[in-house]
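To start, the structure itself, in structure tokens.
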Amino acid sequence: MKQSLEIKSKNIDIAISQALGQLRVNREDIEVEVIKEPIKGFLGLIGNKEGIFRITVKQKIEAMKKQESIKEDITTEEETLKECDVVKDFLLNIVKNLNMDIEVNVNQEKNVVKVNLTGKDASCLIGRRGETLDSIQFLAGLALNKIKKDSHFKVLIDIENYRSKREESLIRYANKVAREVAKTRRTKKLDYMNPYERRIIHSTLQNDKFVKTYSEGVDPYRRLVIEYKK
């Protein structure tokens, strides 16, 4: 609720000065409204009438917004730390049980908990076509959701930039197969892939003039098909 005073005075500056003393605020914290203009009498002496001024303390909306923003940032930061700690503790436990020389580095970007595993034994956890890495990532996500059931964070684990290297490899492979299908006009069924890898190939060939892509089967035995456009 706004604090407000109505002050009678011959001068607006005097009214403001009185209001600041009573309200204990600074000049920039108030709004001044002239309810009735003061009237100067003859020669400034006879017939003078005081004016009426309403002095109101501003609602410090910007300050309030800033405080709320700080609270939200603190809450988000605390939540992020908790999410990251859950994932890191889970992975450190795996590394410890496997007796591997692996360092677990965790950071957060938007709603993704990103993990980078480094060390001389890290590459052992990639597996064939990243299957072991995907399994660990899946389990880390389950661990996070079990402890933080309301979590909206996703977990993404990488080792020695395997993800980006794999993506580049899949893009080259997709273009190669697409050229082959366009040339022979024979449909090509690719090996089983996870949803992430299938999306990469779909995205790579979605605007191709000669071929189209679609998936068939059920995970984990779902594969991508590249077919010539008739």
Side-chain angles (χ1 to χ4, degrees), residues 72-178 188-206 213-226:
E72 289 178 2
D73 290 343
I74 292 174
T75 301
T76 302
E77 185 176 354
E78 289 176 347
E79 182 183 3
T80 298
L81 289 173
K82 291 178 182 177
E83 311 286 346
C84 291
D85 287 343
V86 169
V87 174
K88 186 171 185 176
D89 289 344
F90 174 78
L91 294 172
L92 284 174
N93 190 47
I94 290 179
V95 170
K96 181 180 178 181
N97 289 330
L98 293 175
N99 194 27
M100 287 183 159
D101 182 8
I102 296 176
E103 184 177 344
V104 180
N105 302 290
V106 182
N107 63 77
Q108 178 261 343
E109 292 182 15
K110 296 184 179 180
N111 66 331
V112 179
V113 177
K114 290 192 172 184
V115 183
N116 188 33
L117 303 180
T118 59
K120 67 178 184 179
D121 296 329
S123 59
C124 298
L125 296 182
I126 295 176
R128 181 177 178 271
R129 293 183 180 174
E131 290 177 354
T132 304
L133 181 58
D134 289 337
S135 297
I136 294 173
Q137 179 174 287
F138 176 72
L139 291 174
L142 287 181
L144 177 58
N145 290 325
K146 183 176 180 180
I147 296 175
K148 300 284 293 181
K149 294 182 179 180
D150 58 343
S151 174
H152 57 278
F153 283 74
K154 295 180 180 179
V155 179
L156 180 62
I157 303 178
D158 200 2
I159 297 174
E160 298 176 352
N161 294 321
Y162 169 79
R163 300 288 184 192
S164 59
K165 293 176 183 176
R166 177 63 174 161
E167 181 175 346
E168 292 172 0
S169 175
L170 286 170
I171 291 173
R172 289 195 299 269
Y173 179 59
N175 288 323
K176 178 182 177 181
V177 176
K188 179 78 172 179
K189 294 185 179 182
L190 307 184
D191 291 337
Y192 303 126
M193 295 181 183
N194 61 41
Y196 170 73
E197 294 183 333
R198 292 198 303 271
R199 280 196 297 271
I200 291 174
I201 293 183
H202 279 306
S203 178
T204 301
L205 301 179
Q206 64 180 347
T213 63
Y214 59 90
S215 296
E216 64 177 22
V218 179
D219 285 324
Y221 305 110
R222 189 167 176 79
R223 68 171 76 214
L224 193 140
V225 180
I226 300 179

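Worth saying up front: this structure is predicted, and the values here are computed from it rather than measured.
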Let me confirm one number: the [atom1]-[atom2] distance from [X] to [Y], rounded to the nearest 0.5 Å.
X      : Y      : atom1 : atom2 : value
Ile126 : Asp158 : CD1   : CG    : 8.0 Å
Glu83  : Asn145 : CD    : CG    : 9.0 Å
Ser203 : Leu170 : OG    : CG    : 11.5 Å
Leu125 : Ile102 : CG    : CD1   : 4.0 Å
Asp89  : Ile94  : CG    : CD1   : 11.5 Å
Leu117 : Ile159 : CG    : CD1   : 4.5 Å

**Message:** So, using ring pair (Phe, Tyr, Trp, His ring centres under 6.0 Å) as the criterion, who are the partners of Tyr196 when residues are at least two apart?
**Reply:** none
Side-chain donor-acceptor pairs under 3.5 Å in residues 133-144, sequence neighbours left out?
{"unit_1": "Asp134", "atom_1": "OD1", "unit_2": "Arg163", "atom_2": "NH1", "d": "2.7"}
{"unit_1": "Asp134", "atom_1": "OD1", "unit_2": "Arg163", "atom_2": "NH2", "d": "3.2"}
{"unit_1": "Asp134", "atom_1": "OD2", "unit_2": "Asn194", "atom_2": "ND2", "d": "2.7"}
{"unit_1": "Ser135", "atom_1": "OG", "unit_2": "Glu131", "atom_2": "O", "d": "3.0"}
{"unit_1": "Gln137", "atom_1": "OE1", "unit_2": "Ile157", "atom_2": "N", "d": "2.8"}
{"unit_1": "Gln137", "atom_1": "OE1", "unit_2": "Arg163", "atom_2": "NH2", "d": "2.8"}

Of all the heavy-atom pairs spanning [X] and [Y], show the shortest one and how long it is.
X      : Y      : value
Gly119 : Glu160 : O-OE2, 4.4 Å
Leu205 : Ala178 : CD2-CB, 3.7 Å
Thr132 : Gly127 : OG1-CA, 3.4 Å

**Item:** Tyr221 atom OH: more than 12 heavy-atom contacts under 6.0 Å
**Value:** no
**Message:** Run the salt bridge (charged side-chain N to carboxylate O under 4.0 Å, His left out) test against Lys88 and tell me which residues pass, sequence neighbours left out.
**Reply:** none
Just to verify, what does [X] make a side-chain hydrogen bond (donor to acceptor under 3.5 Å, both in side chains) with, not counting sequence neighbours?
X      : answer
Gln206 : none
Asp101 : none
Lys189 : Glu216

**Trace of the side chain to side chain contact (heavy atoms under 4.5 Å, CB included) decision for Glu109 with Leu156** = CA-CA 10 Å; Glu109 292 182 15; Leu156 180 62; over 6 Å; no
**Request:** For Arg223 and Leu190, indicate whether the former's side chain and the latter's backbone hold a donor-acceptor pair under 3.5 Å.
**Result:**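 Between the backbone of Leu190 and the side chain of Arg223 there is a qualifying donor-acceptor contact (under 3.5 Å).
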**Asked** What residue among Val87, Asp85, Val86 forms side-chain contact (heavy atoms from CB on, under 4.5 Å) with Val113?
**Response**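 Option passing the side-chain contact (heavy atoms from CB on, under 4.5 Å) with Val113: Val87.
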**Message:** So Met193 and Ile201, do their side chains get closer than 4.5 Å, heavy atoms only?
**Reply:**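 Yes. Closest side-chain heavy atoms under 4.5 Å.
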